[in-house]
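Hydrogens, waters and symmetry mates are skipped; everything else that's a heavy atom, side chains included, is used. Numbers here simply count residues along the sequence, with the first being 1.
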Amino acid sequence: MFCPFLFWENKRGHHVTFLSGFKADFHIDGLKEITPLHLVHYIQNYTDWDLVGARYAHKTPVPLWQALRYPAEACNSLLEPDDHTGVTVTDELLTQRFHLAIVDGAFPECALGIVHRLGLPFMFINTVGFYTGSLAMAGNPIAYAVTPHVFTALTETMNLWQRIENYVTHLLADLLHKYYTNQVHGVLIQHFGASIPHPYALMRNVSIILQNGHASITYARPFYPNVIEIACLHCRPAGKLPQDLEQFMESAPAGVIFFSMGSSVKAANMPEEFRRMLVEVFSRLPQYHVLWKWDGNATATGIHAREAILPNGPHQHMRGISRNVRLSGWLPQQDILGHRKLMAFVTHGGLLSMYEAIYHAVPMVMLPVFCDHDVNAVKAESDGYAVRLPLETITADKLYHTIMAIINNGKYKRKIHEKSQLLLDQMSKPIDTAIYWTEYVMKHKDVSHLQSPVRNMSFFIYHSLDVICVFMLIVGGMLIIWQQILKYALRNRTQQRVEERTQRFKILKQC
């Protein structure tokens with residue numbers, strides 16, 4: 001994850017051990033990758049989804065009950081011994097000496113069990129920019145009225161009903177998070193013993209959070225000093241393209257359109273109807289060349305997949321495809337986005353792809369699929385440099401006219417240039433910022449002066465509900481006292497009036 005970050009850590013003399021659930025497809029000197037086979041197989045079996053087809057058919061890609069069991073089962077797959085060696089990941093890590101752990105901040109509960117066992121200070125790197133769970137655990141205020149939940153299609157400007165939707169979504173997500181975190185805690189107890197703290201207690205001790213966001217692209221938020229924004233950490237200037245790909249780009253009469261659904265959305269699983277729609281749309285754009293990332297028959301992946309972009313390679317074959325379209329299982333995305341002939345980027349709305357497009361100032365057509373894609377897309381659309389097309393209502397005509405609008409309407413290009421300038425205008429490069437704070441933690445170890453005291457407060461104390469209760473008791477007591485005073489005064493006044501009337505009656509009777 002964030003390979004440039006790992007690269008620069010190694011360049012500065014650090015040795016990095018990378019624990020991952022995906023088989024390594026690249027090599028960096030000084031980097032050691034650990035990929036437990038149980039976890040790799042579990043993830044492969046679990047994530048064989050048709051995400052596009054589910055969204056296209058108005059269905060949920062993963063049933064809720066299945067999603068809720070994933071964290072505990074994945075955690076158990078990570079921690080159980082290897083079938084051949086009988087050695088666990090934790091045992092292997094304990095043979096090495098570490099100074100710091102960097103953990104993905106989106107659902108880190110299981111990994112924190114290992115970190116606790118190793119006795120390390122740790123940082124989070126929040127790759128999902130709109131995710132607020134780890135931020136909240138670290139004590140950062142999350143105002144529901146202006147913080148759209150990562151699984152919604154809302155912006156920071158919400159009407160009453162949208163705020164109700166957002167509030168309920170946050171509350172339900174928190175309840176579900178507590179449920180499955182308790183399940184993960186059970187797995188941690190099974191592997192590490194009953195003394196291991198609850199993941200929530202572990203999360204509160206995070207030293208630094210590297211937040212994949214920037215106010216110009218995500219939202220302006222209140223952060224404590226231990227939250228550092230490093231949006232576009234992985235972005236870089238475009239490099240030289242392979243000769244055959246460069247020729248394909250340069251020979252485009254009117255420019256190039258790049259279509260990619262990222263690495264998490266498997267093109268091979270998309271429904272045939274949707275594939276035919278794409279083929280039809282691209283055939284209606286003969287004046288443009290179309291680069292289509294298609295891994296339906298991919299034979300190579302990652303850095304070693306450059307052979308897969310040959311014009312007559314296995315990825316060039318698809319039924320009904322027009323001559324202006326080129327397929328590949330892997331493409332050098334940033335080199336393409338930075339090419340002078342690129343006119344538009346049709347994307348699923350993943351945050352990393354979105355940042356790269358902004359960095360290279362390429363307007364986008366966004367087809368959100370799952371997770372944070374919707375909230376990313378609606379933010380980009382509201383900022384004026386992209387158009388969001390929901391898969392539930394997409395048609396060939398809508399996609400065609402949207403692509404043409406993105407290319408021909410200058411407002412999208414102007415807006416993306418403005419955003420790009422704001423993103424690039426920083427005191428230091430995001431990669432340098434991330435490296436500085438990583439080394440800061442390793443140097444000082446105790447960075448509690450940067451942490452929020454809120455992280456150790458209960459909901460009752462943080463919202464001053466105890467103070468409000470005291471005020472209510474004081475006001476209530478004062479009201480009771482005043483009530484008694486008034487009752488006493490009224491009683492005395494009434495008694496005085498009775499005595500006066502009795503006296504007057506006696507006087508009148510005497511007369």
Distance from [X] atom [atom1] to [Y] atom [atom2], nearest 0.5 Å?
X      : Y      : atom1 : atom2 : answer
Ile43  : Leu39  : CD1   : CG    : 4.0 Å
Leu233 : Leu352 : CG    : CG    : 9.5 Å
Asn205 : Ser448 : CG    : OG    : 10.0 Å
Gln333 : Ser263 : CD    : OG    : 9.0 Å
Glu356 : Met364 : CD    : CE    : 10.5 Å
Asp432 : Ile230 : CG    : CD1   : 12.5 Å

Checking the side chain of [X] only, and the main-chain atoms of [Y] only, is there a donor and an acceptor separated by less than 3.5 Å?
X      : Y      : result
Gln334 : Arg236 : yes
Asp82  : Leu37  : no
Asp335 : Leu241 : no
Asn226 : Gln451 : no
Ser458 : Ile461 : yes
Asn166 : His149 : yes
Arg204 : Asn456 : no
Lys419 : Ser216 : yes
Lys379 : Thr218 : yes
His373 : Phe370 : yes

Student check: side-chain heavy atoms of [X] and [Y] closer than 4.5 Å:
X      : Y      : value
Arg117 : Leu93  : no
Met203 : Glu109 : yes
Leu337 : Leu342 : yes
Pro271 : Val52  : yes
Leu51  : Met261 : no
Arg388 : Val378 : yes
His348 : Ser353 : yes
Leu202 : Val115 : no

Show the nearest heavy-atom pair for residues [X] and [Y], with the distance to one decimal.
X      : Y      : result
Cys232 : Asn212 : N-OD1, 3.8 Å
Leu351 : Val128 : CD2-C, 4.2 Å
Val447 : Ser207 : CG2-CB, 3.5 Å
Pro121 : Leu100 : O-CD1, 3.4 Å
Pro199 : Leu112 : O-CD1, 4.3 Å
Met354 : Ala380 : CE-CB, 4.3 Å

### Query
What do the steps show when you test Leu278 against Val346 for side chain to side chain contact (heavy atoms under 4.5 Å, CB included), and what is the final call?
CA-CA 11 Å; Leu278 294 174; Val346 183; over 6 Å; no
### Task
Tell me, with the steps shown, if Ile394 and Tyr56 meet side chain to side chain contact (heavy atoms under 4.5 Å, CB included).
CA-CA 8 Å; Ile394 195 172; Tyr56 195 62; 3.8 Å; yes
Do the side-chain N and O atoms of [X] and [Y] include a donor-acceptor pair separated by under 3.5 angstrom?
X      : Y      : value
Ser20  : Glu33  : no
Thr17  : Gln96  : yes
Asn126 : Gln211 : yes
Asn76  : His191 : yes

Answer yes or no: are there more than 12 heavy-atom neighbours, outside [X] itself, under 6.0 Å from its atom [atom1]?
X      : atom1 : value
Phe22  : CZ    : no
His58  : NE2   : yes
Phe460 : CZ    : yes

### Task
Would you please test Phe258 and Leu331 for side chain to side chain contact (heavy atoms under 4.5 Å, CB included) and show each step?
CA-CA 10 Å; Phe258 180 34; Leu331 287 165; 3.6 Å; yes
### Query
Can you name the residues that form a ring pair (Phe, Tyr, Trp, His ring centres under 6.0 Å) with His185, not counting sequence neighbours?
His198
Assert yes or no for the condition that the ring centre distance of [X] to [Y] is strictly below 6.0 Å.
X      : Y      : answer
Phe107 : Tyr131 : yes
Tyr180 : His177 : yes
Tyr359 : His234 : no

#### Entry: Ring geometry between His444 and Tyr440 (parallel below 30°, tilted from 30 to 60°, perpendicular above 60°)
tilted
### Query
Between Thr132 and His170, is a side chain to side chain contact (heavy atoms under 4.5 Å, CB included) present by the stated rule, with each step listed?
CA-CA 10 Å; Thr132 57; His170 272 282; 4.0 Å; yes
### Basic-acidic side-chain contact under 4.0 Å: Arg276, Glu273
no
### Query
Is Lys443 salt-bridged to Glu439, cutoff N-O under 4.0 Å?
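Glu439 and Lys443: not salt-bridged.
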### Task
Any ring-ring contact (aromatic ring centres under 6.0 Å, His included) involving residues 205-228? Give me the pairs, sequence neighbours left out, ordered by first then second residue.
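Checked against ring-ring contact (aromatic ring centres under 6.0 Å, His included) - neighbours excluded - the pairs reaching residues 205-228 are Phe130-Tyr219.
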